[in-house]
Participant: 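Dumping the structure here so I can ask a few things about it.
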Amino acid sequence: MDKINITGTDDVPSVILDASTGKFEMSGRSLPEDVSAFYKPILDWMAEYAENANPKTVFDFKLTYFNTASSKIILDILMQLEEMANDGKEVLIKWHYPSDDEDMEEAGEEYSEIVDVPFEKVSY
Amino acid sequence: MNKITTIRGFLDHIYNKNYAPIESQISLIYEGEITHQIMKAFTSMTETSLEKHEESSSVSKRVFHVMVECLQNIGKHADAEDIREPEIKRGIFLICKSEDKYNVITGNFIDHSKLDGLKKMLENINTLDKEGLKELYKTQIKAGSISDKGGAGLGFIDIARKTGEKLQYDFIEVTENTSFFVLKSTVSRNS
């Protein structure tokens with residue numbers, strides 16, 4: 001499977017999805033002009049990966065800011081990971097947030113209440 | 001009375017309504033097309049200015065957040081004054097600072113056909129407390145989907161949650177088909 005490697009800018013996050021090295025990470029800011037267009041290849045990739053996922057997937061979210069349209073897509077990604085866990089794969093979500101950013105911590109907290117998948121909050 | 005859709009008319013209105021306290025400093029006011037590039041330029045200018053004034057990072061982030069949601073709302077949803085140019089999303093944007101808060105105030109056209117829906121949504125948000133807003137947010141994020149316009153239907157709920165303040169707004173009829181929607185969001189500087 002080809003990997004996805006997007007270098008972030010001031011309005012889109014950096015995204016690495018690499019099944020061979022087991023690196024799954026989104027970092028930076030997400031407020032794209034067209035949220036559906038930006039995330040479509042990412043959601044498609046995740047759906048394809050889920051068909052034949054590694055025994056263990058650790059997904060790191062290191063976002064510093066995302067708008068509400070992106071928050072819906074992040075939930076879509078988390079739900080895809082939940083489905084993989086339901087299929088018997090080991091899945092861990094690591095939600096990294098700046099130690100002084102209550103809002104980002106709370107966002108992680110809420111996602112962990114919505115999806116049923118191992119969720120670790122990591123303050124930095 | 002100056003027309004609400006001009007900067008002069010808009011300023012008259014927001015001072016009359018006390019959306020902007022008379023002693024507040026306006027740090028940015030803009031009237032024109034609202035595009036993604038404009039949104040990025042304004043948010044970046046404001047971030048730099050808040051940093052320079054040593055505003056706390058949580059206040060800066062909330063102001064940034066409110067600006068993005070307000071400006072993206074206009075860029076995606078605003079209607080046109082002139083129905084022959086539906087693609088041009090114009091609006092007025094203002095940010096002002098007073099001793100204890102930042103106010104972000106926007107104005108844009110809305111077709112009367114959408115007025116009831118918008119009013120109901122805003123009224124409902126304003127009846128809810130912190131827990132109620134959280135529940136509404138969770139319900140909407142689970143049930144909703146990204147619309148053709150690229151929104152998730154979460155913007156106003158999120159502004160109310162992030163600011164912890166009621167949304168203040170009103171509608172001024174401009175033509176028989178359109179009104180000007182004025183919205184004020186407040187970010188406390190003590191948060």
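Every chain is numbered from 1 and lettered A, B, ... according to where its sequence line falls, protein lines coming before strand lines.
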Participant: Please identify which of these residues, Lys62(A), Lys3(A), Lys94(A), meets the salt bridge (Lys or Arg N to Asp or Glu O under 4.0 Å) condition with Glu25(A).
Facilitator: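 Of the listed residues Lys62(A), Lys3(A), Lys94(A), the salt bridge (Lys or Arg N to Asp or Glu O under 4.0 Å) partner of Glu25(A) is Lys62(A).
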Participant: Between side-chain atoms of residues 145-158 of chain B and protein atoms elsewhere (two or more places apart, or another chain), which donor-acceptor pairs fall under 3.5 Å?
Facilitator:
unit_1	atom_1	unit_2	atom_2	d
Ser147(B)	OG	Lys149(B)	N	3.2
Ser147(B)	OG	Gly150(B)	N	3.4
Ser147(B)	OG	Gly151(B)	N	3.3
Asp158(B)	OD1	Lys162(B)	NZ	3.3
Asp158(B)	OD2	His65(B)	NE2	2.5

Participant: Under a 3.5 Å cutoff, is there a donor and acceptor pairing between the side chains of Ser188(B) and Glu165(B)?
Facilitator: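 Short answer, no.
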Participant: Would you mind checking which part of Asp10(A) comes under 4.5 Å of any heavy atom in chain B, side chain (CB onward), backbone (N, CA, C, O), both or neither?
Facilitator: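 Looking at Asp10(A), just its side chain touches chain B.
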Participant: Going by residue number, which parts of residues 113-139 of chain B are within reach of chain A, meaning a heavy-atom gap below 4.5 Å?
Facilitator: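 Listed by number, the contacting residues are Lys134(B), Tyr137(B), Lys138(B).
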Participant: Under 3.5 Å, is there a donor-acceptor pair between the Ser179(B) and His112(B) side chains?
Facilitator: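 Side-chain D/A pair, Ser179(B) to His112(B): present.
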Participant: Heavy-atom distances under 4.5 Å only: say whether Asp11(A) touches chain B with side chain, backbone, both or neither.
Facilitator: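 For Asp11(A), the side chain is the part near chain B, not the backbone.
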Participant: Of the backbone (N, CA, C, O) and the side chain (C-beta and beyond), which part of Pro98(A) lies under 4.5 Å from a heavy atom of chain B, both, or neither?
Facilitator: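 Contact with chain B: side chain only.
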Participant: Quick one about Thr57(A) and Tyr49(A) (side-chain donor to acceptor, distance below 3.5 Å, no hydrogens or angles considered), yes or no?
Facilitator: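 Result is yes, a qualifying pair exists.
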Participant: Testing the 3.5 Å rule here: is there a donor-acceptor pair between the side chains of Ser70(A) and Asn67(A)?
Facilitator: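 A pair is found: one side chain offers a donor N or O, the other an acceptor, under 3.5 Å apart.
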Participant: Using every non-hydrogen atom in the two residues, find where Gln80(A) and Ala50(A) come nearest and quote the distance to one decimal.
Facilitator: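 Minimum heavy-atom separation between Gln80(A) and Ala50(A): NE2-CB, 3.3 Å.
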Participant: So, are Lys89(A) and Glu83(A) salt-bridged, with charged N and O less than 4.0 Å apart?
Facilitator: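 No.
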Participant: Using modelled atom types and a 3.5 Å cut-off, is there a donor and acceptor pairing between side-chain atoms of Trp95(A) and backbone atoms of Met104(A)?
Facilitator: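 Checking the backbone N and O of Met104(A) against the side chain of Trp95(A), a donor-acceptor pair under 3.5 Å is found.
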Participant: Given the rule in the ring pair (Phe, Tyr, Trp, His ring centres under 6.0 Å) test, do Tyr65(A) and Phe64(B) qualify, once you have shown the distances and angles that lead to the verdict?
Facilitator: CA-CA 9 Å; Tyr65(A) 171 82; Phe64(B) 180 83; 4.8 Å; yes
Participant: To the nearest 0.5 Å, what is the distance between NE2 on His13(B) and CD1 on Ile172(B)?
Facilitator: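 One finds 3.5 Å between NE2 of His13(B) and CD1 of Ile172(B).
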Participant: Pick out which of Leu17(A), Asp60(A), Ile77(A), Ile16(A) makes a side chain to side chain contact (heavy atoms under 4.5 Å, CB included) with Met26(A).
Facilitator: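 Filter result, single survivor: Ile77(A).
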Participant: Could you tell me which residues in residues 70-77 of chain B have at least one non-hydrogen atom under 4.5 Å from a non-hydrogen atom of chain A, sorted by residue number?
Facilitator: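 Under the 4.5 Å heavy-atom cut-off, Gln72(B), Lys76(B) qualify.
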Participant: With Tyr19(B), which of Leu183(B), Ile14(B), Asn103(B) fulfils side chain to side chain contact (heavy atoms under 4.5 Å, CB included)?
Facilitator: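 The passing option is Ile14(B).
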Participant: Picking from Glu33(A), Met79(A), Glu102(A), which has the most non-hydrogen pairs under 4.5 angstrom with chain B?
Facilitator: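 Between Glu33(A), Met79(A), Glu102(A), the count favours Glu33(A).
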Participant: I need the contact set between residues 26-39 of chain B and chain A: heavy-atom distance under 4.5 Å, sorted by residue number.
Facilitator: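 Within residues 26-39 of chain B, the residues that come under 4.5 Å of chain A (heavy atoms only) are His36(B), Met39(B).
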Participant: Between Asp103(A) and Lys61(B), is there a salt bridge with N-O shorter than 4.0 Å?
Facilitator: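 Salt bridge flag = no for Asp103(A) with Lys61(B).
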Participant: Can a side-chain donor-acceptor contact be found between Ser123(A) and Lys121(A) if the only test is distance below 3.5 angstrom?
Facilitator: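 Note: Lys121(A) and Ser123(A) side chains miss the donor-acceptor criterion.
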Participant: Check each atom of Tyr111(A) against the heavy atoms of chain B and say whether the ones under 4.5 Å are side chain, backbone, both or neither.
Facilitator: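 Side chain only.
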Participant: Could you tell me which portion of Leu31(A) (side chain, backbone, both or neither) has an atom closer than 4.5 angstrom to a non-hydrogen atom of chain B?
Facilitator: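 Leu31(A) touches chain B through backbone and side-chain heavy atoms alike.
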Participant: What I want to check is whether the side chains of Thr175(B) and Thr178(B) have a donor and an acceptor closer together than 3.5 Å.
Facilitator: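 Yes, side-chain donor-acceptor contact under 3.5 Å.
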